[in-house]
Asks: 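Before we start, here is the structure in question, set down as structure tokens.
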Amino acid sequence: MHKVIFDTDPGVDDAMALLFLHRHPDIDLIGITSVFGNASVETTTRNALFLKKAWNIAAPVAKGLGETFDHGRPHVGWPTGIHGEDGLGNIDVPEKIDVPLDPRPAHRFIIDTVRANPGAVTLIAVGRMTNLALALRDAPDIAGLVKDVVIMGGAFDVPGNITPAAEANIHGDPEAADAVMTAPWPVTVIGLDVTTRTVMTRAMLVDIAERGGAPARLLSDISQFYITFYEQHVDDGMIVHDSCACAYVVAPDLFRTRSGSVRVICGGIADGQTIQKPDARLFPPSPWDGLPSQKVCTGIDAEGVLKLIADTLSLNR
Ligand SMILES: [Ca+2]
């Protein structure tokens with residue numbers, strides 16, 4: 001079993017990833033931490049509580065602080081054209097959800113939970129890296145206590161999606177992402193190099209909704225707005241960014257990775273760009289030296305990952 005804390009900004013593809021984690025038999029979801037990105041932290045937290053209640057998820061929800069790691073960064077608007085005004089595809093999520101929050105801020109929840117389960121916790125982060133960076137700043141010891149860090153973010157050998165250089169999760173808090181990538185813990189980065197090849201068609205989603213009961217039907221409803229947005233990028237369906245990171249945890253054999261230190265560009269026109277120095281390549285001294293070697297996904301068995309996601313979402317347990 002993988003003990004997982006899911007750091008998330010729900011978010012339509014976040015919702016799918018959450019249902020995947022909830023339903024996969026090898027995952028023990030022990031916490032959900034909210035971060036801003038697809039919407040404000042108030043909205044993403046409300047959405048996490050809404051999904052926890054709708055899907056009867058036992059794990060507590062802890063709310064993030066809602067500010068970038070570097071407080072001086074200007075606020076950029078929320079991507080309501082992709083995830084809807086309510087962050088969940090405009091399904092009219094209620095304003096208030098009658099489910100208590102964990103009293104701790106998200107980064108404190110991460111620190112406490114990792115320390116209480118040394119060597120056992122996998123952090124899956126599919127929003128901005130803010131909570132993970134705050135946890136590292138306040139408790140550097142957790143780097144040696146975490147089992148694995150798997151993040152959805154970045155674009156290495158392909159263009160970004162929010163600028164030609166940068167992917168949105170990283171671009172939303174580059175200083176946080178650089179802190180996470182360069183910390184002495186094992187990170188695997190699932191970026192646009194592989195997620196953009198992983199497109200769930202409308203027909204697949206219909207099949208999941210038919211097999212997976214009411215929770216899967218809610219997921220299908222949430223996804224329709226996002227699918228309409230994706231008509232400009234893919235022939236049919238939706239890119240399942242965040243679920244790819246969750247699939248990696250249970251089926252790493254479906255991915256190919258490349259090892260090497262990773263830095264994030266902070267500032268300038270390439271703000272938020274992720275760049276890896278592959279271990280196999282020799283360079284003169286550079287800011288990539290002396291840092292932990294992290295894994296960047298460069299290949300994916302997209303068909304296998306989509307089947308894994310569809311079969312898991314359809315598990316009506
Ligand atoms: Ca996300």
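Note that ligands are numbered from 1 as they come in the structure, with each ligand's atoms numbered from 1 the same way. Note that this is a predicted model, so its numbers are computed, not measured. Atoms considered below: every heavy atom in the structure, side chains included; atoms not considered: hydrogens, waters and symmetry mates.
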Asks: So with a 6.0 Å cut-off around NZ of K295, is the heavy-atom count from everything else above 12?
Replies: no
Asks: Considering only NZ, NE, NH1 and NH2 on the basic side and carboxylate oxygens on the acidic side, decide whether R258 and D193 come within less than 4.0 Å.
Replies: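 Looking at D193 together with R258, the answer is no, because their closest N to O distance does not fall below 4.0 Å.
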Asks: Above 12 or not: heavy atoms from other molecules or residues under 6.0 Å from CG of D92?
Replies: no
Asks: With a 6.0 Å cut-off (strictly less than), is the heavy-atom count around CD of E303, excluding the residue itself, greater than 12?
Replies: no
Asks: What protein N/O/S atoms are found closer than 3.0 Å to the Ca ion (ligand 1)?
Replies: D9 OD1, D14 OD1, D14 OD2, V126 O, D242 OD2
Asks: Should L29 and V114 be regarded as members of a common hydrophobic cluster, given that ILVMFWY residues are connected when their side-chain heavy atoms come within less than 4.5 Å of each other, either directly or indirectly?
Replies: no
Asks: Side-chain donor-acceptor contacts of residues 116-128 below 3.5 Å, not counting sequence neighbours, with atom names and distances?
Replies:
from : atom 1 : to   : atom 2 : distance (Å)
N117 : ND2    : T113 : O      : 2.8
R128 : NH1    : G172 : O      : 3.1

